[in-house]
Chemist: 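This structure is in structure tokens; I'll ask about it shortly.
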Amino acid sequence: MTAPAPAFSDDQAEAHDRITQVLAEVGVDLDNDRLTPPRDGPNRVIAITGKAGSGKTLLLAELVRALEGAGVELISGDWEGRRRRERRTVAVLAPTNKAASVLRGRGVPATTIHRILYTPVYDPEFEKVAEWLAGNGPRPAIEALTDAALDRAKTVYDTHKSVPAALAAAGLRGSDFITGWKRREDGLDIGMVDESSMLDDRQFNDLREIFPTLILFGDPAQLAPVGQSGKMVFDRIKGDNHLHLNRIFRQDAGNPILDLAHALGDPALSFERFERMVEEAAQADDRVVIAPRADVDLMARSPVLVWRNATRIRLITAFRAAHGAPEDELLAGEPLICDGIELPLKHRKRRIDLEARGFIKGAPVIYLGPGTKPGFSRLHVMGADAPRLSAASIVKIEKPDEDDPFIPFAAHMGVAFLHGAAVTIHKAQGSQWPEVQVFAPDLYAAARSNRDEAGQALWKRLAYVAITRAEERLIWVTRYRLSMPKTPLGIADLPAPAPKLDLTGDGAEEGGAS
């Protein structure tokens, strides 16, 4: 049964019609589900901007659905089917792994800009599996995979649109099915970029070289890339190629978090008046909370958002002290944030395997305990299908007024982590959590600094980004204090262990944890 089409706002409908018109001009007719081969012509760039609650993601998702329905093939960073001159393709991109994972969590198959620059080379046998998963070939008979394994792969692919994740669910590692990597030599077709406020000029120019048709979605109220003086790449797009979406009140259902976010657009609003607005919202709706201290228990699963790096380090230190964590080791249940994968270029196959398991930059991870080999730790990747596993780890915990971080685990190479009890607002951009604690004293310090960014007070941009990270509940922390823990750190709240997985590459280390 076909799901009913969403009811667009007038702004969304106008943007949808404009994009549909441009796509028809380049041979992708969504109204009649008719495609014609790509042809040379001028590059087209369209920008769709709007603040939180304006329906950008809904519009993006519906356009992707319509493109797939018309026969346009989805291109991801982990799999690209055989080239055919007449085929039409679309890639959904985000500047960071964090932003891409948020889109995937909402059912939109997205990858990063960096990953689209390189394409994997598959073993011919497993290329048949990838073609079948993507709907471009028959179900294969592969000696290495049972029917049950193929069924598991198909289930995961239908959910996540990721070939490596699907093959990992079938019991394979990246080194089993990827034989190498090559830099993309040919251009693609249609590119759709979310969180384009985070794009810098170099990324934008690279995208224009790859995609003759480029559609940008972005929030003009967020923080611009460092070094661009508050300017965002879509600011240069003018006329009917730049459409702005306004807030959709019927979908917000009187959301006080979005009310506060949009109030920051008032040029005359002072920090003191805004804090009173937060207090008034908290009195009227339990989705906004005023807290005189940070909730230590919540910090174990949802970080406090801060402006200053020094504040982040002090809050992390206080969090660990509140739980009696020793200086020379981690406690089971401590939160970590993936800070990337430190592997040489020759280990790209292992990198994609790790990313397929959920180790993407910015991903929240819970420490479960040490592994059986030096430098390894057992981990729970929040939101992953098979979250519990073991991996070579490089964990860095900074300390106040010290240049060198404490490193409880330091494998020669592997997944790098920072402590996750507090995160800067800049790093949080592109991520979301059900409940978010915002450290108000830092925003007050930003207000006292009198710094502007692109004509708006910096504290307002920081507050806007921090507030809109909250999906369900905003907690406004007013003082530099932490609550005492109500329960000790632990892992009992996490889902049951999955089957054991080995991420060492040599089969020597166990996965899963009890």
Chemist: Is there a donor-acceptor pair under 3.5 Å between the side chain of Glu209 and the backbone N or O of Asp206?
Modeler: no
Chemist: Would you indicate whether the side-chain heavy atoms of Arg152 and Val156 approach each other to under 4.5 Å?
Modeler: no
Chemist: Compare every heavy atom of Ala300 with every heavy atom of Pro335, then report the nearest pair and how far apart it is.
Modeler: CB-O, 3.3 Å
Chemist: Go through the steps for Arg320 and Glu334 under the test side-chain contact (heavy atoms from CB on, under 4.5 Å), then give the verdict.
Modeler: CA-CA 8 Å; Arg320 303 197 77 238; Glu334 288 200 62; 2.9 Å; yes
Chemist: Taking all heavy atoms of Pro441 and all of Arg308, pick out the closest pair and write down the distance.
Modeler: O-NH2, 4.3 Å
Chemist: Begin with the C-alpha distance, continue with both residues' side-chain angles, and end with the deciding distance and a verdict on side-chain contact (heavy atoms from CB on, under 4.5 Å) for Val90 and Glu68.
Modeler: CA-CA 9 Å; Val90 61; Glu68 283 191 283; 5.9 Å; no
Chemist: Would you mind reporting whether Phe211 and Val193 have side-chain heavy atoms less than 4.5 Å apart?
Modeler: no
Chemist: What do you reckon, are the aromatic ring centroids of Phe417 and Tyr367 less than 6.0 Å apart?
Modeler: no
Chemist: Do Leu216 and Leu199 have side chains that approach each other closer than 4.5 Å (heavy atoms only, starting at C-beta)?
Modeler: yes
Chemist: Would you sort out whether Asn309 and Arg312 count as a side-chain hydrogen bond (donor to acceptor under 3.5 Å, both in side chains), showing the intermediate values?
Modeler: CA-CA 5 Å; Asn309 201 47; Arg312 178 184 68 86; 2.8 Å; yes
Chemist: Check Pro400 against Thr317 and note the closest heavy-atom contact, atom names and distance.
Modeler: CD-OG1, 3.1 Å
Chemist: Is there a side-chain contact between Val477 and Val438, using heavy atoms and a 4.5 Å cut-off?
Modeler: no
Chemist: Is any side-chain heavy atom of Met382 less than 4.5 Å from a side-chain heavy atom of Val365?
Modeler: no
